[in-house]
Q: 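Have a look at this one.
Residues: numbered from 1 along the sequence shown. Side chains included, hydrogens not; waters and symmetry mates left out as well; all remaining heavy atoms used. It should be emphasised that the depicted structure is a prediction, and the values quoted were computed from it without experimental measurement.
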Amino acid sequence: MKSTCRDELLQATRSIVKAKGENRFTPKEAVEYMHHNNTNYAESTIRTHIVSKCCANAILH
């Protein structure tokens with residue numbers, strides 16, 4: 001089954017917060033994580049999901 005950007009982003013953010021031990025992440029961390037794990041999604045697509053679709057309290061860094 002093909003994953004969506006949202007699916008990949010949720011997996012990425014769960015991994016990031018688990019590794020950091022705190023319930024927060026930056027858009028940059030998510031983009032870097034997803035690209036490191038060979039996502040097919042563009043940085044702009046990932047950032048759009050973070051700031052407008054997934055996180056009510058998203059802050060751009």
Side-chain angles (χ1 to χ4, degrees):
M1 183 167 124
K2 185 177 177 181
S3 65
T4 65
C5 185
R6 180 183 181 279
D7 294 337
E8 287 186 32
L9 180 58
L10 287 173
Q11 191 278 325
T13 57
R14 288 178 181 135
S15 294
I16 292 166
V17 300
K18 183 177 180 182
K20 290 173 68 171
E22 59 183 81
N23 193 25
R24 60 178 55 215
F25 64 93
T26 66
K28 181 180 179 191
E29 289 172 320
V31 169
E32 288 175 353
Y33 183 96
M34 289 177 68
H35 282 168
H36 179 76
N37 287 282
N38 301 313
T39 188
N40 290 319
Y41 297 101
E43 178 176 348
S44 59
T45 302
I46 298 166
R47 286 180 176 275
T48 296
H49 273 73
I50 294 169
V51 300
S52 69
K53 297 183 180 185
C54 292
C55 300
N57 61 346
I59 299 172
L60 295 175
H61 290 283

Q: Please name all residues satisfying side-chain hydrogen bond (donor to acceptor under 3.5 Å, both in side chains) with Thr13, sequence neighbours left out, ordered by chain then number.
A: none
Q: In chain order, what residues pass the salt bridge (Lys or Arg N to Asp or Glu O under 4.0 Å) check against Glu8, with sequence neighbours excluded?
A: none
Q: Roughly how far, to the nearest 0.5 Å, is CZ of Arg6 from CD1 of Ile50?
A: 13.0 Å
Q: How long is the span from the CD atom in Gln11 to the OG1 atom in Thr39, to the nearest 0.5 Å?
A: 10.5 Å
Q: Find the distance between CG (Leu10) and OG1 (Thr4) and round it off to the nearest 0.5 Å.
A: 8.0 Å
Q: Testing Thr45, Val51, Ile46 for side-chain contact (heavy atoms from CB on, under 4.5 Å) with His49, which one passes?
A: Thr45
Q: Tabulate below the donor-acceptor pairs under 3.5 Å that side-chain atoms of residues 30-38 make, not counting sequence neighbours, or state none.
A:
residue : atom : partner : partner atom : Å
Tyr33   : OH   : Ser15   : OG           : 3.2
His35   : NE2  : Tyr41   : O            : 3.2
Asn37   : ND2  : Tyr33   : O            : 2.8

Q: Atom CG of Asn40 and atom OG of Ser3: how far apart are they, to the nearest 0.5 Å?
A: 8.0 Å
